[in-house]
Amino acid sequence: MGRYITRRVLQGVLTLFLVILLLHLLTTLAIQLNGNPAQAFFGDRPPSPSQLAAVEKRYGLDDSCYDQLGSPCLGPFVDRLGAYASGDFGESLRGREVTDIVSAAAPNTLRLFAVVAVTWALIGMTLGSIAARRRGKPSDQGIRGLSVLIDALPIFVLLLIYKYVFSVPLSKWAKETFGSDSLPALLFKPSFSLDHPWATLIVPGILLGLAGSAAFIRLVRAAQLESYNADHVRAARSKGLSERHVAVHHVVRNSSIPVATAVGIIFTEALAGAVITEGMMNIYGMGGVLWKAVQDSDVSVVIGIVTLLAVVTVVVMIVVDVVYAALDPRIRYD
Amino acid sequence: MKIAQLAAGLTAAALVLTGCGGGDDEGDGETTVRLSIEQDVDTLLPMDSNVNDNISVLDVVYDGLVRYDPKTTKPYNYVAEDVSTTDNTVWTIKIKDGFEFQNGEPVDAAAFARAWNYAAYGPNAMGNNYFFERFTGYDEMQGEYEEDDEGNVTVTTEPTAKELTGVKVVDPQTLEITLNGPFAGFSTMLGYTGFFPVAQECIDDVDACAVKPIGNGPFKVEEWEQGQRLTAAKWSDYKGEETPDFDRIEWTEYSGDSDWADFEAGDVDATGDVPPAEWERATSDPDLSSRMIEGPGAALSYLGFPMYLGKPFDDVEFRKAISLAIDRKTIVDKVVPGQYVAADSWVIPDGVPGGVAGTCEFCTFDPAAAKAALAKAGGWPKGKKLTIHLGEDETQEAIFKAVGDSIQLNLGIPYVLDPTPDFFDRRSARDFDGIMRSNWFPDYPLNENYLAPVYASGDAKKGNENFGYYNAEFEKLIKEGDAAPDLEAAVSKYQEAEKVIATDLAGVPVMFAQNVMFYSDRLDDVVLDPFSGEIKLRLLKVS
């Protein structure tokens, strides 16, 4: 086990290096093709040459390699790696530490993901299990139909309808009925509130989770159907164990492996939905910050955040692999 | 069963989690105004603040030498005791005694001088650097640079000076300013954010000061959680007269998307950001529309012509034809209701001194006259398309598609839109071969600012940088205005200059931005700053 984890960690480090290199090459190419991101610093008003020069220098964009199309700019890359190694993730175009930005934005996104994950697990496991147990019956058909319907409703449609049609009257009603700082009033707030980060994230999180739950439902259903037909389940039944016991101990547990894999993949997928959710619900999170940084050609923020996300993804993947062993005793790593 | 248990558990957990964070804004009788700003605000340094949002925040955190009348935008002395000149070139500014910064430092002549020198020093890359172009010694603080075709800059000579020769601290309460040439409107610039004073402590740690300003105004910034929220509270030691009658301001930062739903739900006290789809409903709702205020905004959208290309763009009849063919009012009403108003002048009417409506005779919609003018200009080459250049912006693209349609329908000139990300670079490089959607937002409230920076160049051969326009009479009138004995005389000279632009139709006004604000029933005395479109916080009453 120890050796396996070491190997995976080393692989992870290599992956990270490649991610950073690829990002570096892409952003370098973008600068070479699109011109100077220091221009973005000044917005609408064309800066004077002296200002432009000062900004280029401040953000390390004055290296001449950025002017030669096709140059990989390895000098600045090595500098950046060195800075990362010493814990310096650079500054945004406006002089804010990237670590500062991340420490403000990451908790909100993680909260959102927590609600999403719970929603996913609840809806996916419940509906998927029901559908598998009642295969072919109306409830199975209904759940499968529902999963198609969920797929057909993208997250921005759900949020748009929620925010502009439901949240305003609901939040007004809750305020009048329960008081303005009551939980229902906070739940239905049209936007995120910094004072109540959990309460105001629950509904957007549930909606985002709901939007992505269809694949989960189908996955759980398929995995459990397979288990229902497996030899060990037949053996358990023939021992005279109750159907409930069989379902909980032999079916659900054994069909959890693909589900654990999916959680890993979902994590990255949720980020795409997070950009939209954060934007619409005014949540200051990683998705929104990254989105804006890309628009503004804010190179150090983009690379810094994507690197951090890559770190998180690699860690989640390793954890998922380790969880396999706990779920399935047949899996051994040595 | 299980789900019900889980749901109950979750709700309970949420109750616990939120219960502890329950804030009570108004628990101890404090009145708080809840406003919104955009997440784009990234500095609160006066020398670097030049978007509406940080300007409106700093308006209550700092006091300038002058402040502007909310109705007429005429400047009146505030921190300044007196602003005087004999020749419009050398100005003496007397500063009132007794004002302090929020850290106890005095607000004296040195406080202004250090802010201005810092802003004017090129390598500091301050957003308001260009305001100091008129001061003597500005050039020496910029250094020399070479710029290649791609906009890359290399320093050839470092700046030789770190201070403006045109700013002299005569004594603690007196500043003497020397300009490069006479400029009668100088005092109108002094209330702008870029001219606010800063404390020495601010210059010693500019990064800290940009996030937590040390102001001299009635409010003190408490905390700025960048990207999320900014709060300011009344500064108890404030000695000025103009101070709001509420205790705290809480600005929530929004990421581009509208705060309209939050306003409707009562979480935000005012918003000017109505989604176009909601406009009709909002303005016809008797309750909402009774809490709406609108007024002209300062920004002008206009069409520029590449006169440097010669025919047909340098022919005034052609420009007339284009202008007369545009149905401004219908376009605004259909495409961007409430956000703009059709323009028929170059200077915002009643918004700044010297602004009058109707100076543009050919800004009416008259298809027949448009056709006649086009015929006079010799028509439009057959089979050629007229390009409309503009920056990349969805709203503007929709508006100027309608403008193009108007031209095509009424003059038979086919057009093509060219939204470009490098609009400003390409325009100043004269890279455009069609008409250009341009926008002008004035820097200080004076009619001169709508005219000279846009159309004057002093270069008879090349004309002005963007369009190649030149008119000696216009340049003369601007100069005469700059040297006029007082502001009023200057304003009327500039008005004469506007008439020259009107005769030449040097640019075609299309529309002015419209300021709109909806406010909650907690607010009273809501007055909009005609310049920024934001609420005048010092006049606002909160119940």
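All chains are named by letter (A, B, ...) in the order of the sequence lines, taking the proteins before the strands, and each is independently numbered beginning at 1. For the numbers below, each heavy atom of this structure counts, side chains included, while hydrogens, waters and symmetry mates do not.
By the 4.5 Å heavy-atom criterion applied to side chains, B:Pro275 and A:Tyr164 are counted as neighbours. Considering only heavy atoms from C-beta on, A:Ser191 comes within 4.5 Å of B:Tyr254 through its side chain. Looking at A:Arg96 and B:Thr43, their side chains never come closer than 4.5 Å, going by heavy atoms from C-beta outward.
Around atom CZ of A:Phe156, no more than 12 heavy atoms belonging to other residues, nucleotides or ligands sit under 6.0 Å away. The local environment of CH2 in A:Trp291 is sparse, with at most 12 non-hydrogen atoms from other residues, nucleotides or ligands closer than 6.0 Å.
Looking at A:Phe188, there are no atoms closer than 4.5 Å to chain B (heavy atoms on both sides), in backbone or side chain. Interface remark: A:Asp100 contributes no atoms to any contact with chain B (heavy atom separation under 4.5 Å).
For A:Arg133, the side-chain hydrogen bond (donor to acceptor under 3.5 Å, both in side chains) test picks out no residue, with sequence neighbours left out.
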Before giving the answer on salt bridge (charged side-chain N to carboxylate O under 4.0 Å, His left out), spell out for B:Asp267 and A:Lys175 the whole-Å C-alpha distance, their side-chain angles and the decisive distance to 0.1 Å.
CA-CA 11 Å; B:Asp267 293 337; A:Lys175 268 188 199 171; 2.7 Å; yes
Please determine whether salt bridge (charged side-chain N to carboxylate O under 4.0 Å, His left out) holds for the pair B:Arg229 and A:Asp195, giving the CA-CA distance in whole Å, both sets of side-chain angles, and the decisive distance to 0.1 Å.
CA-CA 10 Å; B:Arg229 183 172 60 186; A:Asp195 289 326; 3.0 Å; yes
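Note: A:Phe192 CZ to B:Thr252 OG1 = 11.0 Å, rounded to the nearest 0.5 Å. Atom CD in B:Glu225 sits 11.0 Å away from atom OH in A:Tyr284 (nearest 0.5 Å). Remark: A:Ser193 OG to B:Asp262 CG distance equals 10.0 Å, nearest 0.5 Å.
When every heavy atom of B:Gln228 is checked against every heavy atom of A:Leu194, the shortest pair comes out as OE1-CD1, 3.0 Å.
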